[in-house]
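Below, chains carry the letters A, B, ... as their sequence lines are ordered, and counting in each starts from 1.
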Protein chains: 2
Amino acid sequence: MSQMRRGALEYCVLALLARREYYGFELVQELSRVDALLTSEGTIYPLLSRLRREGLVETEWRTSPAGPPRKYYRLTPAGRAALAAFRQQWIAFRQAVDGLLDSLEGETK
Amino acid sequence: MSQMRRGALEYCVLALLARREYYGFELVQELSRVDALLTSEGTIYPLLSRLRREGLVETEWRTSPAGPPRKYYRLTPAGRAALAAFRQQWIAFRQAVDGLLDSLEGETK
DNA sequence: ACAAGGTACCTTGTAACGCAAGGTATCGAT
DNA sequence: ATCGATACCTTGCGTTACAAGGTACCTTGT
């Protein structure tokens, strides 16, 4: 199952950040609300670090209402462009896999 | 792009074999008719070898009309079950990713 | 002032699988 | 016997998701 997240997880993160800015821990929680996207900090923090390095997100430290300071992440224009490009690829990929599985559906019914 | 095929490619192969039996090279050609599933022998032969080892497919050598003999692959009951299980996971995963990207769609429109 | 619990961030090593490149083998035609 | 086309195969590599362990900060209680 984790193999399916490969290549797609980073864009799920970018898609969340397209809505609003999040801090790291929040992203883990938000993604994990869906079983299919269940992930952990050990995955998200290195991923966010790479996205920042690639210029797809930018960060900002802020104090927290209670507890340690939080690192907020925001999409950059490059990140938004990467996300748009991924959408096209994802649609094509999804339709391809759906097409193969649908023909199976017909057989099992 | 190749990362998206991770975890899903093997089930695309199983889905093709659910329709009818194929020989190895044919599978490469059939998959590669769709850009999103473009792959190569270097990928498919090791994958088929693993599927056979895992008992999801079975093989049969046959002479060819012209050229070298062909190794035909067929789904086993275990393979069919694995495929059905994957379908559930794929649907959940696809909907999760679609959900994230759809909210993006709303924003860009 | 100090300790503990909760929250938040981070790093590193591991594993799995898709891929490319190079290789061998068989068959028919010349 | 040689060559071209077809078919199969193997191995090392690269990428990314993950787990486990770690550090740091803030609030609360003693």
Side-chain angles (χ1 to χ4, degrees), chain A residues 1-14 21-32 34-54 56-57 59-73 82 86 89 93 96-97, chain B residues 1-14 21-32 34-54 56-57 59-73 82 86 89 93 96-97:
Chain A
M1 182 63 174
S2 61
Q3 298 302 336
M4 277 198 284
R5 286 190 281 270
R6 262 180 175 265
L9 191 60
E10 76 182 79
Y11 295 102
C12 293
V13 167
L14 292 182
E21 59 187 11
Y22 282 82
Y23 62 94
F25 200 65
E26 229 180 355
L27 284 168
V28 177
Q29 290 178 316
E30 188 68 22
L31 287 167
S32 297
V34 183
D35 273 353
L37 300 179
L38 189 69
T39 189
S40 70
E41 308 161 46
T43 296
I44 293 300
Y45 286 114
L47 190 153
L48 286 169
S49 182
R50 176 164 59 80
L51 292 177
R52 195 200 53 75
R53 201 160 58 240
E54 291 172 0
L56 305 186
V57 303
T59 61
E60 180 185 347
W61 279 101
R62 286 184 205 159
T63 56
S64 152
R70 295 166 174 169
K71 198 171 190 178
Y72 276 85
Y73 296 83
F86 170 76
Q89 293 186 334
F93 179 73
V97 177
Chain B
M1 181 62 173
S2 62
Q3 297 302 340
M4 276 200 282
R5 286 190 281 270
R6 262 180 172 268
L9 192 61
E10 75 183 78
Y11 295 102
C12 292
V13 166
L14 293 182
E21 59 187 12
Y22 282 82
Y23 63 95
F25 199 67
E26 229 179 356
L27 284 168
V28 177
Q29 290 179 316
E30 189 67 23
L31 288 166
S32 296
V34 183
D35 273 355
L37 300 179
L38 190 69
T39 188
S40 70
E41 308 161 46
T43 296
I44 293 300
Y45 288 112
L47 192 153
L48 286 169
S49 181
R50 177 165 58 79
L51 291 176
R52 196 196 56 73
R53 203 162 55 242
E54 290 172 1
L56 305 186
V57 303
T59 63
E60 180 185 347
W61 280 101
R62 285 185 205 156
T63 56
S64 155
R70 295 166 174 170
K71 199 172 191 177
Y72 277 85
Y73 295 84
F86 170 76
Q89 293 186 335
F93 178 73
V97 177

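- For Phe93(A), the ring pair (Phe, Tyr, Trp, His ring centres under 6.0 Å) partners are Trp90(B), not counting sequence neighbours.
- Residues that satisfy the side-chain contact (heavy atoms from CB on, under 4.5 Å) test with Ser2(B), not counting sequence neighbours, are Arg5(B).
- Pairs passing the salt bridge (charged side-chain N to carboxylate O under 4.0 Å, His left out) check and including a residue from residues 42-53 of chain A, sequence neighbours excluded, read Glu10(A)-Arg50(A), Arg50(A)-Glu54(A).
- For Tyr23(A), the ring pair (Phe, Tyr, Trp, His ring centres under 6.0 Å) partners are Tyr72(A), not counting sequence neighbours.
- Among residues two or more places apart in sequence or in another chain, the salt bridge (Lys or Arg N to Asp or Glu O under 4.0 Å) test is passed with Glu30(A) by Arg33(A).
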Taking protein heavy atoms under 4.0 Å as touching, what does nucleotides 14-21 of chain C look like 5' to 3' if B marks base contact, S marks sugar-phosphate-only contact and - marks none? -BBBSBBB
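- Among residues two or more places apart in sequence or in another chain, the salt bridge (Lys or Arg N to Asp or Glu O under 4.0 Å) test is passed with Glu26(A) by Arg20(A).
- When the side-chain nitrogen and oxygen atoms of Tyr23(B) are compared with OP1 and OP2 of dA7(D), one or more of them lie within a distance under 4.0 Å.
- For the side chain to side chain donor-acceptor pair (under 3.5 Å) test, no residue two or more places apart in sequence or in another chain qualifies with Gln29(A).
- Following rounding to the nearest Å, Phe25(B) (CZ) and dT26(C) (P) show an atom-to-atom distance of 18 Å.
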Show which side-chain atoms of residues 35-49 of chain B pair as donor or acceptor with protein atoms under 3.5 Å away, not counting sequence neighbours.
from: Ser40(B); atom 1: OG; to: Gly42(B); atom 2: N; distance (Å): 3.4
from: Tyr45(B); atom 1: OH; to: Phe25(B); atom 2: N; distance (Å): 3.3

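- For the helix from dA1(C)-dT30(D) to dT30(C)-dA1(D), the axis fitted to the five pairs at one end and the axis fitted to the five pairs at the other end meet at an angle of 20° (nearest 10 degrees).
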Protein-nucleotides 23-30 of chain D N/O pairs closer than 3.5 Å?
from: dC26(D); atom 1: O4'; to: Gly67(A); atom 2: O; distance (Å): 3.3

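- For Tyr11(B), the ring pair (Phe, Tyr, Trp, His ring centres under 6.0 Å) partners at least two apart in sequence or on another chain are Phe86(B).
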